Amino acid sequence: MVEFKDMDRYELIWEYQSAINEIYTQENLSCLRGLDNKCFINNRQIVSSFFEVAGKYKSNKDCIELIDEFIFISDEIMYFTAQLFLHKPYINNPLDQEVFINESSSLFPNNQNIAAKRYFMFVDITFEKIYNFWNRVGNLIALFFQEKFKANEKIYFDRAVDKVPVEFHEIEGYKRLKHFRENEYKTMNGKRKDIVHNISLDTVFRQQHIENATNRDEMKKWFDEIISFAEYFKTQMLYTIEGFDNTLSFLEEVEKIKCQQQLETQTTKTEPPSA
């Protein structure tokens, strides 16, 4: 066994991070802060925009905490997605380990290697990080519609979107959020629930392998689905970045409408009675 001194391990950490940084570039991965740490999305400086949006409802200290949380979770999503791309090329493929039983049948052993084991772990983790991010978005939306939530009510992304009052449903940003909530998010969350509340992806694959160890077509179908998770989470990562920007735009429009409604109410109250 190779023994590592403390400095060797420290250097190993940085070498490992260098490999991850290469994957960020190769796969065009990103996060809210961006690889340049400037925190720009579609020409919007998201930190200042966040303060403008949330500052009316939260203190500066709370705003700093909230935006830091968004940025950190976004970093996690990018990092764990990069881990999938790192391990993906080295996952053992049962189809490459074919054992001929007779002239008409074969066995495809699943001699799981360390790359495959880590890959399955990171898939499970990344589902949770994506889910955490969208629930934070739900909390942000709920700030603007606090009257729709009971005290200490647990807030989830889908619930927050559904509780947006009807007078704001024509805002383009809301339409995008609603479409995402009913489609991509619903599909993602369904997969996440199966993994978190029922059975891990690793265990599912092991069971599928036991049931189909001699079925080439089934093995290919399952292996293709497994290796597709790297690209799947790359797409989910982009959804979180665009979704955050879209949420800020939506809430800016909500605040404009609320201000206009308040102005109209005040004007009505101060108008003199008709003769």
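Predicted model only: the values in this text are computed from it and were never measured. Just the heavy atoms: all of them, side chains too, but no hydrogens, waters or symmetry mates, feed the values below.
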> Are N132 and E128 linked by a side-chain donor-acceptor pair shorter than 3.5 Å?
Replying inline: no

>> For a quick test of reading the model, state the closest non-hydrogen atom pair linking I23 to A82 and the distance between them.
In response: CD1-O, 3.7 Å

>> Please report whether the ring centroid of F108 lies less than 6.0 Å from that of W222.
In response: no

> Of the non-hydrogen atoms in S106 and I101, which two are nearest, and what is the gap between them?
Replying inline: C-CD1, 3.8 Å

>> Check whether N135 reaches the backbone of Y156 with its side chain - one donor and one acceptor, N or O, closer than 3.5 Å.
In response: no

> Do the non-hydrogen side-chain atoms of E255 and V53 ever get within less than 4.5 Å of each other?
Replying inline: no

> Do K163 and F149 meet the cation-pi criteria used here (NZ or CZ under 6.0 Å from the six-membered ring centre, within 45° of the axis)?
Replying inline: yes

>> Regarding R44 and S249, do their side chains bring together a donor and an acceptor under 3.5 Å, going by distance alone?
In response: yes

> Would you say the side chains of E242 and N42 form a donor-acceptor pair under 3.5 Å?
Replying inline: yes

>> Within the 3.5 Å criterion, strictly below it, is a donor on S18 or N21 matched to an acceptor on the partner's side chain?
In response: no

> Which of these, F229, F80, F122, sits in a ring-ring contact (aromatic ring centres under 6.0 Å, His included) with H87?
Replying inline: F122

>> Between Y119 (side chain only) and I226 (backbone N and O only), is there a donor and an acceptor less than 3.5 Å apart?
In response: yes

> Among Y174, F145, F250, whose ring-ring contact (aromatic ring centres under 6.0 Å, His included) with F168 holds?
Replying inline: F145

> Using 30° and 60° as the class limits, which term best fits the ring planes of H209 and F205: parallel, tilted or perpendicular?
Replying inline: tilted

> Does the distance from a Lys or Arg side-chain N to an Asp or Glu carboxylate O, for E65 and K58, drop under 4.0 Å?
Replying inline: no

> Would you call I13 and Y16 a side-chain contact if the rule is heavy atoms closer than 4.5 Å?
Replying inline: no

> Is any side-chain N of the basic residue among K221 and E218 closer than 4.0 Å to the acidic one's carboxylate O?
Replying inline: yes

> Is the closest basic N to carboxylate O distance between D162 and K178 below 4.0 Å?
Replying inline: yes

> Between N92 and Q112, what is the shortest heavy-atom contact and its length?
Replying inline: OD1-CA, 3.3 Å

>> Tell me if a side-chain donor or acceptor on N189 pairs with a main-chain N or O of Y185 at a distance below 3.5 Å.
In response: no

> Parallel, tilted or perpendicular: which fits the ring planes of F50 and F70, with parallel below 30° and perpendicular above 60°?
Replying inline: perpendicular

> Just by modelled atom types, is the S74 backbone N or O under 3.5 Å from a matching donor or acceptor in the R33 side chain?
Replying inline: no

>> Would K191 and Y232 count as a cation-pi pair here, with the cationic atom under 6.0 angstrom from the ring centre and within 45° of the axis?
In response: yes

